[in-house]
Amino acid sequence: MRIVVDAAVFDPGAELNGFSAGVSGMGAVVSFSGIVRQSEAGDLEAMEIEHYPGMTERAIGKIAEEAQARWSLGDVLVIHRYGRLVPGDPIMMVATAAPHRKDAFEAAEFLMDYLKSRAPFWKKEQTRGGADWVAARDEDETALSRW
Amino acid sequence: MDVLYFAWVRERIGVPKEKVDTGAATVADLVRELSAREERYALAFSDLSALRVALDQDLSDFDAPLDGVREVAFFPPMTGG
């Protein structure tokens with residue numbers, strides 16, 4: 001298991017290659033990378049991500065351990081950035097390796113659902129009009145109930 | 001104990017972290033105590049359904065006892081991913 005919480009930019013392709021090269025005997029690798037999306041109005045200048053140092057790593061670690069307990073996984077990678085990001089920047093990434101694809105896909109979705117609403121990150125959008133905290137969505141909370 | 005605030009809770013209260021001397025038995029008691037202290041706390045804590053709390057870096061709830069807790073953090077629902 002590897003968990004990275006960092007302000008620095010990362011290369012999702014290089015991370016995926018490194019992750020895949022590090023697992024052996026696995027039949028499936030699934031990865032998801034999240035990118036800062038431009039707003040519909042096209043006015044997003046930056047996304048500030050705040051987090052709770054210490055708790056962040058701890059919370060992600062517990063989520064990843066839960067995934068490993070529920071699915072047959074060879075390895076798990078979670079990368080999440082904080083600080084000031086601009087549209088198009090990679091913001092986070094999850095990768096799972098498993099003997100079979102079903103475990104890899106499900107565990108990756110589980111990790112994403114939990115990272116959204118159980119890892120202590122908060123997003124603030126800066127537009128020309130000002131800055132506003134992103135509100136949590138009800139769908140993100142209900143997404144957890146399927147697990 | 002150390003009390004930490006994040007996101008708009010931090011902005012409303014005006015500090016990211018402070019030491020609080022309290023005999024509050026539960027998180028809810030601490031919230032009442034702080035809210036009575038100054039308007040900025042009352043404002044930040046006006047709607048507890050919009051807040052989450054962590055005790056020693058684990059998510060908890062407002063009924064939880066503070067016995068032995070060293071770090072309390074208040075923040076809005078998380079928006080990671």
Side-chain angles (χ1 to χ4, degrees), chain A residues 3 5 32-37 47-63 66 78-82 85 90-94 108-125 130-144, chain B residues 1-20 22 26-28 30-31 34 39-81:
Chain A
I3 292 163
V5 179
F32 170 85
S33 28
I35 298 157
V36 179
R37 182 178 56 238
M47 176 89 85
E48 286 278 355
I49 302 173
E50 182 171 331
H51 80 117
Y52 183 171
M55 180 174 168
T56 309
E57 293 79 359
R58 185 180 161 88
I60 297 175
K62 285 201 287 190
I63 294 165
E66 173 75 15
V78 177
I79 301 172
H80 204 303
R81 294 176 69 193
Y82 60 87
L85 280 64
I91 173 168
M92 58 90 59
M93 173 174 181
V94 157
E109 281 217 82
F110 169 89
L111 287 164
M112 283 309 309
D113 282 348
Y114 271 83
L115 286 168
K116 271 218 167 283
S117 43
R118 290 292 182 275
F121 290 99
W122 300 275
K123 295 190 186 115
K124 192 178 199 180
E125 291 176 340
D132 238 328
W133 292 98
V134 173
R137 302 183 317 163
D138 290 342
E139 305 93 277
D140 292 338
E141 198 57 36
T142 48
L144 302 184
Chain B
M1 65 180 65
D2 289 325
V3 183
L4 285 71
Y5 311 103
F6 291 95
W8 58 255
V9 184
R10 170 179 53 74
E11 291 177 342
R12 277 186 204 178
I13 289 173
V15 292
K17 183 178 181 175
E18 61 186 336
K19 286 222 180 288
V20 175
T22 177
T26 66
V27 176
L30 175 63
V31 166
L34 291 170
E39 183 64 23
R40 59 194 168 109
Y41 294 100
L43 204 65
F45 293 128
S46 60
D47 178 10
L48 292 188
S49 70
L51 288 183
R52 301 290 179 267
V53 60
L55 301 181
D56 289 332
Q57 306 192 351
D58 275 322
L59 272 182
S60 187
D61 53 66
F62 288 89
D63 298 330
L66 289 177
D67 198 25
V69 170
R70 285 165 303 169
E71 185 173 299
V72 180
F74 294 102
F75 41 78
M78 294 158 273
T79 52

> Using non-hydrogen atoms only, which part of A119(A) is less than 4.5 Å away from chain B: side chain, backbone, both, or neither?
Replying inline: backbone
> Side chain, backbone, both or neither: which part of K124(A) has a heavy atom under 4.5 Å from chain B?
Replying inline: side chain
>> Heavy-atom pairs under 4.5 Å with chain B - which of M93(A), H80(A), E141(A), R137(A) has more of them than the others?
In response: H80(A)
>> Within a 6.0 Å radius of atom CZ on R37(A), are there more than 12 heavy atoms belonging to other residues, nucleotides or ligands?
In response: no
> Would you say the side-chain atoms of K123(A) pair up with the backbone N or O of G80(B), donor to acceptor, closer than 3.5 Å?
Replying inline: yes
> So which bits of residues 42-58 of chain B come within less than 4.5 Å of chain A, counting non-hydrogen atoms only?
Replying inline: A54(B), D56(B), Q57(B), D58(B)
> Looking only at heavy atoms, which of residues 11-19 of chain B get nearer than 4.5 Å to chain A?
Replying inline: E11(B)
> Yes or no on side-chain contact (heavy atoms from CB on, under 4.5 Å) for R10(B) and E50(A), after CA distance, side-chain angles and deciding distance?
Replying inline: CA-CA 11 Å; R10(B) 170 179 53 74; E50(A) 182 171 331; 2.5 Å; yes
> Going by the angle between their ring planes, with limits at 30° and 60°, are W122(A) and F6(B) parallel, tilted or perpendicular?
Replying inline: parallel
>> Using a 4.5 angstrom heavy-atom cutoff, name the option from P77(B), P76(B), A7(B), A73(B) with the most pairs to chain A.
In response: A7(B)
>> Within this structure, what is the CG-CE distance for the pair L4(B) and M55(A), rounded to the nearest 0.5 Å?
In response: 11.0 Å
> What pair of heavy atoms forms the shortest contact from T79(B) to V134(A), and how long is it?
Replying inline: CG2-O, 3.4 Å
